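It should be emphasised that the depicted structure is a prediction, and the values quoted were computed from it without experimental measurement. Any value given below was found using the heavy atoms of this structure, including those in side chains, with hydrogens, waters and symmetry copies removed.
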There are 2 protein chains.
Amino acid sequence: MLLKVQKTFLYMSMKLSEAKAQFIQSWGILGSQWGINRTMAQVHALLLVSAVPLTTEDIMEQLSISRGNSNMNVRELIDWNLVSKVIVAGERKEYFTAEKDIWKVATRIMYQRKKRELDPLTDVLTQLSQVDGDPADPEMVAFTTTVANLQKFSNQAQSTLNTMIKAEENWFWGSFLKLMK
Amino acid sequence: MLLKVQKTFLYMSMKLSEAKAQFIQSWGILGSQWGINRTMAQVHALLLVSAVPLTTEDIMEQLSISRGNSNMNVRELIDWNLVSKVIVAGERKEYFTAEKDIWKVATRIMYQRKKRELDPLTDVLTQLSQVDGDPADPEMVAFTTTVANLQKFSNQAQSTLNTMIKAEENWFWGSFLKLMK
DNA sequence: CTGAACTTTCAATAACATTTGAAAGTTTAT
DNA sequence: ATAAACTTTCAAATGTTATTGAAAGTTCAG
């Protein structure tokens, strides 16, 4: 068996390790406000700022979480296309590394959110637009108007997000396309 | 004391009341995936599709929730500027009504999310960009690069959202500004 | 084929978030 | 000033979601 590589953090300057810890902590809080599991966000942060790929063990140690938890969250991140497995020659263990291109990270997260948030709304609205009843009933008018407006909005949001997800960054639409022209 | 107005739902056609119930239920689920309290979203939905303003009691009854819960969520919605109090002549009770303009609803929600999600990230990144250490250390390079890229991204997102929030709808950027030109 | 090295699962448990409802507080008509 | 009508608060109860870790499953070198 090969010698284990000395853990990276032993060589980190104090300042850098503190900064990493704060970044991981902050990204975790942010993540949970985003509806993303806090630990998943922390694992993501850890991999985002690591120069080298890490193993399940590294993640467990650095975040003080269990094996099961580490495994589940890494798999979810792989599912989201934010993390990938790396094969290291001569090692049996799996190593993980995060996508570092922030635009890609952002669009992949957006894609997941669209899938979880907007797509189901669109479906429900389509269904609800078929309700029928007395067109003179003010309650009916209120309902159908609201649903129709939401549909218009959600359709537009769908196509805006699709365009965004497909877009080449262009660094993020140069000053938002000259303030939307 | 004035006669109480007969509850609206007694007069709703079956189809409409079902549709309303489904809308409320769906909006609630959506909301929770959005990091918005499920009940708050349901209260919002109820008011969104009601032709007339409702009281705390109406909300309690129609959603089967307690007085305290109803009160807290209505207040939060008022805080978000999605709901407002309505004075009904000759009544002591407070009535509530929701903003019906969907673009306004969307920008107000975006504003809250920006406040909760993006602003804190921006702050943390500003702080972390000041870390110092050996510029030859690959871990240091990985860290500063990631933080710098995130900063660039978050600044751009800030200004994009600000523009959006200020934007007159124009119906939601006509086909997303001709596919971003 | 075997067993060591590693990964995955999942039921129990812990942590966290929401909801209740009775009590306290406030407002208003008289 | 009083009391009824109404609103707000908050500690306890309930409901939801995340985490653990041991057990089961898989892979691979010899």
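Put simply, L30(B) and L118(A) are part of the same group of oily side chains (I, L, V, M, F, W, Y) that touch within less than 4.5 Å, one to the next.
The distance between atom CZ of R75(A) and atom C1' of dC6(C), rounded to the nearest whole Å, is 14 Å. Here the P atom of nucleotide dT27(D) and the NZ atom of K85(A) are 10 Å apart, to the nearest Å. One atom, CD of E76(A), and another, C1' of dT9(C), lie 15 Å apart when rounded to the nearest Å. Atom NZ in K93(A) sits about 17 Å away from atom P in dA4(C), given to the nearest Å. Taking atom CG on N71(B) and atom P on dT18(C), their separation rounds to 16 Å, with Å as the unit. Whole-Å rounding puts the I59(A) CD1 to dC6(C) P distance at 15 Å. For the pair E57(A) CD and dA5(C) P, the interatomic distance rounds to 12 Å; values are reported in whole Å.
Evaluation of the salt bridge (charged side-chain N to carboxylate O under 4.0 Å, His left out) test over residues 21-30 of chain A, restricted to residues two or more places apart or in two chains, returns none. Pairs of residues two or more places apart, or lying in two chains, never qualify as salt bridge (charged side-chain N to carboxylate O under 4.0 Å, His left out) while including a residue from residues 74-83 of chain A. Applying the salt bridge (charged side-chain N to carboxylate O under 4.0 Å, His left out) test to pairs two or more places apart or on separate chains, those with a residue in residues 97-107 of chain B are E99(B)-R108(B). Sorted by first then second residue, the ring pair (Phe, Tyr, Trp, His ring centres under 6.0 Å) pairs that include residues 116-164 of chain B, not counting sequence neighbours, are F172(A)-F153(B). Each ring pair (Phe, Tyr, Trp, His ring centres under 6.0 Å) pair with one or both residues in residues 57-78 of chain B, not counting sequence neighbours, would appear here, but there are none.
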Encode nucleotides 24-30 of chain C as B, S and - characters from 5' to 3', where the letter depends on protein heavy atoms closer than 4.0 Å: B to the base, S only to sugar-phosphate, - to neither.
---BS--
Per-nucleotide protein contact along nucleotides 14-23 of chain D, 5' to 3', at a 4.0 Å heavy-atom cut-off (B base, S sugar-phosphate only, - neither), is ----SBBB--
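Hydrophobic cluster membership of Y111(B), counting Ile, Leu, Val, Met, Phe, Trp and Tyr whose side-chain heavy atoms lie under 4.5 Å apart directly or via other members: I165(B).
Remark: D119(A) engages K114(A) in a salt bridge (charged side-chain N to carboxylate O under 4.0 Å, His left out) (not counting sequence neighbours).
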